[in-house]
Amino acid sequence: MEERLKQLQQEAIGRVEDAQALKALNEVRVAYLGKKGPITEVLKGMGKLSAEERPKIGAMANDVRDAIASAIEEKQQKLEAEAIQAQLAEEGIDVTLPGRSVKAGNHHPLTNVVEEIENLFISMGYKVEEGPEVEQDYYNFEALNLPKGHPARDMQDSFYITEEILLRTQTSPVQVRTMERHAGNGPVKIICPGKVYRRDNDDATHSHQFMQIEGLVVDENIRMSDLKGTLDIFAKKMFGADREIRLRPSFFPFTEPSVEMDLSCKICGGKGCNVCKATGWIEILGAGMVHPNVLEMAGFDSKKYTGFAFGMGVERIAMLKYGVDDIRHFYTNDHRFLNQFNRSEIN
Ligand code: 2U9
């Protein structure tokens with residue numbers, strides 16, 4: 001029996017050493033230490049032994065069982081450690097690989113231009129006012145000296161929702177609403193940025209939806225020279241101190257007299273090129289003295305108060321400032337275009 005036990009120990013430990021995986025090791029455990037294993041068999045047959053032999057063989061069987069169990073335990077720890085190492089090697093992170101950069105958004109070029117113009121006028125004491133894009137016919141046309149039937153309010157040019165409601169064609173209704181709130185008391189000194197809508201066919205220089213910024217100053221003794229000085233400061237701050245302006249007579253129903261403002265061409269320095277169509281001047285905005293009818297309709301005494309107003313298309317300003325040749329670039333969300341205006345490139 002002693003021999004049998006020694007042989008079992010040797011055999012089991014040999015199989016433990018051979019086991020290359022946890023599954024095989026478990027099979028060894030079941031085969032030698034399980035309920036139906038050979039050591040249990042030996043222990044069961046102890047009853048047939050003499051009283052002298054019994055404790056000796058019993059102790060030996062226990063030692064053999066413990067030796068096999070500790071060999072299995074040791075091997076199990078070794079195999080488990082190896083499995084973890086293999087898994088780590090497979091799932092390892094290569095810290096030398098280049099990282100994936102996170103793309104940061106940035107302000108749209110039109111937002112930048114609007115902000116720049118707003119700040120410029122805020123520094124001259126103007127307040128920023130906004131209003132509804134869905135507007136009443138009265139505020140969009142009537143109150144601006146454009147009575148029903150006036151050619152400038154032709155159905156062709158506007159998106160009507162009902163007979164009396166339309167998408168605003170200019171930001172001027174915001175000025176009218178602000179003047180009404182002032183209840184006939186000056187001064188009013190505001191700048192009104194926002195989206196406007198016109199029934200136009202889109203092309204390189206036209207869009208059915210675009211942005212405007214309009215300005216309005218109403219007070220006692222406001223004169224054409226105030227308008228001219230204000231526009232000159234705007235042009236020089238926005239486009240460069242070396243720029244000149246000139247005012248040409250024009251017509252708008254809401255201003256009298258009305259003017260259009262040209263900016264001296266930077267590309268040719270006034271000599272004439274394709275941007276200024278060989279004139280040396282580029283048209284950038286319209287302006288004028290607020291029509292007395294408009295002042296009166298908004299509740300201001302036109303004998304006491306005078307005012308000036310101006311209006312410009314933001315896209316046109318942005319196109320001239322950045323040399324953009326097609327208005328549609330502002331709306332098509334092409335990153336190659338938009339990223340050129342990124343003020344915070346962090347890649
Ligand atoms: C009130 C009184 C007067 C706003 C004005 C213009 C001249 C003008 C155009 C420029 C290009 C519109 O975007 S554009 O097509 N605007 O030429 N706008 S004076 O005059 C006002 C506004 C409100 C109460």
Side-chain angles (χ1 to χ4, degrees), residues 110 113-114 117 121 126-127 129-131 133 135-136 138-146 150 152-153 157-158 167-182 184 186-200 202 205-219 222 224 226-228 230-231 234-235 245 247-263 282-300 302 305-320 327 330:
L110 294 177
V113 170
V114 169
I117 298 173
F121 280 98
Y126 287 68
K127 290 222 160 4
E129 290 286 352
E130 289 184 8
E133 288 173 28
E135 191 47 281
Q136 295 171 31
Y138 175 78
Y139 288 108
N140 194 78
F141 289 133
E142 199 98 17
L144 288 155
N145 210 22
L146 281 142
H150 193 287
R153 56 185 286 172
D157 299 327
S158 320
L167 296 181
R168 67 182 181 194
T169 58
Q170 47 200 0
T171 54
S172 316
V174 182
Q175 283 102 294
V176 176
R177 286 171 177 279
T178 310
M179 282 168 82
E180 279 187 355
R181 282 204 304 277
H182 277 251
V188 177
K189 201 170 176 186
I190 54 168
I191 193 101
C192 307
K195 280 187 218 150
V196 299
Y197 304 83
R198 290 185 186 179
R199 282 180 63 174
D200 234 337
D202 293 359
T205 52
H206 296 86
S207 171
H208 62 281
Q209 182 212 290
F210 63 104
M211 290 199 77
Q212 269 191 353
I213 291 191
E214 292 193 339
L216 173 74
V217 175
V218 177
D219 205 352
I222 295 294
M224 192 83 178
D226 298 314
L227 171 63
K228 192 174 177 188
T230 304
L231 295 180
F234 164 71
I245 62 159
L247 302 180
R248 281 180 291 103
S250 187
F251 173 80
F252 304 111
F254 27 85
T255 47
E256 182 58 37
S258 303
V259 293
E260 274 172 296
M261 184 178 102
D262 295 339
L263 184 72
I282 303 163
E283 184 192 318
I284 65 164
L285 56 78
M289 300 306 291
V290 180
H291 197 292
N293 289 355
V294 174
L295 289 171
E296 292 287 342
M297 275 188 279
F300 278 74
S302 62
Y305 286 106
T306 48
F308 69 71
F310 55 87
M312 66 189 104
V314 176
E315 283 81 349
R316 180 159 172 78
I317 303 289
M319 285 167 86
L320 291 170
I327 196 170
F330 292 117

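As the structure lists them, so they are numbered: ligands from 1, and atoms in each ligand from 1.
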Is the backbone N or O of I222 less than 3.5 Å from a side-chain atom of T306, with the two atoms forming a donor-acceptor pair by type?
-> yes
Considering only the protein, which heavy-atom contact is closest to atom 9 (C) of ligand 1, and what is its distance?
-> G311 O, 4.0 Å
Min heavy-atom dist E214 to ligand 1 below 4.0 Å | yes
Between Y139 and R177, is there a cation-pi geometry (under 6.0 Å to ring centre, at most 45° from the normal)?
-> yes
Any idea which atoms of ligand 1 are less than 4.0 Å away from a heavy-atom of V294?
-> 24 (C)
Indicate yes or no for a side-chain donor-acceptor contact from D202 to the backbone of H208 under 3.5 Å, with no hydrogens or angles considered.
-> yes
Of all the non-hydrogen atoms in the protein, which one sits nearest to atom 15 (O) of ligand 1, and at what distance?
-> R198 NH1, 3.5 Å
Ligand 1 contact on M297 by region, counting heavy-atom pairs under 4.0 Å = neither
So does E283 pair up with R248, basic N to acidic O under 4.0 Å?
-> yes
Decide whether E214 and Q170 meet the rule of one side-chain donor and one side-chain acceptor closer than 3.5 Å.
-> no
Residue, atom and distance of the protein heavy atom nearest atom 19 (S) of ligand 1 read F254 CE1, 3.7 Å
For ligand 1, which atoms have a heavy atom of Q175 less than 4.0 angstrom away?
-> 22 (C), 23 (C), 24 (C)
Touching ligand 1 at all, M211? Heavy atoms, strictly under 4.0 Å?
-> no
Out of Q212, M261, R177, indicate the one that has the non-hydrogen atom closest to atom 13 (O) of ligand 1.
-> Q212
Heavy atom of L144, distance to ligand 1 below 4.0 Å = yes
For the pair Q212 (side chain) and G311 (backbone), establish whether a donor and an acceptor sit closer than 3.5 Å, ignoring hydrogens and angles.
-> no
Between Y305 and F300, what is the ring plane arrangement, given parallel below 30°, perpendicular above 60°, and tilted in between?
-> perpendicular
For the side chain of R168 and the backbone of V174, is there at least one donor-acceptor N/O pair under 3.5 Å apart?
-> no
So which protein heavy atom does atom 3 (C) of ligand 1 come closest to, and at what separation?
-> A309 CB, 3.4 Å
For atom 11 (C) of ligand 1, find the nearest protein heavy atom and state the residue, atom name and distance (0.1 Å precision).
-> G313 N, 4.0 Å
Measure A287 to ligand 1 on non-hydrogen atoms and call it side chain, backbone, both or neither using the 4.0 Å cut-off.
-> backbone
Just wondering, are more than 12 heavy atoms of other shown residues or ligands nearer than 6.0 Å to NZ in K228?
-> no
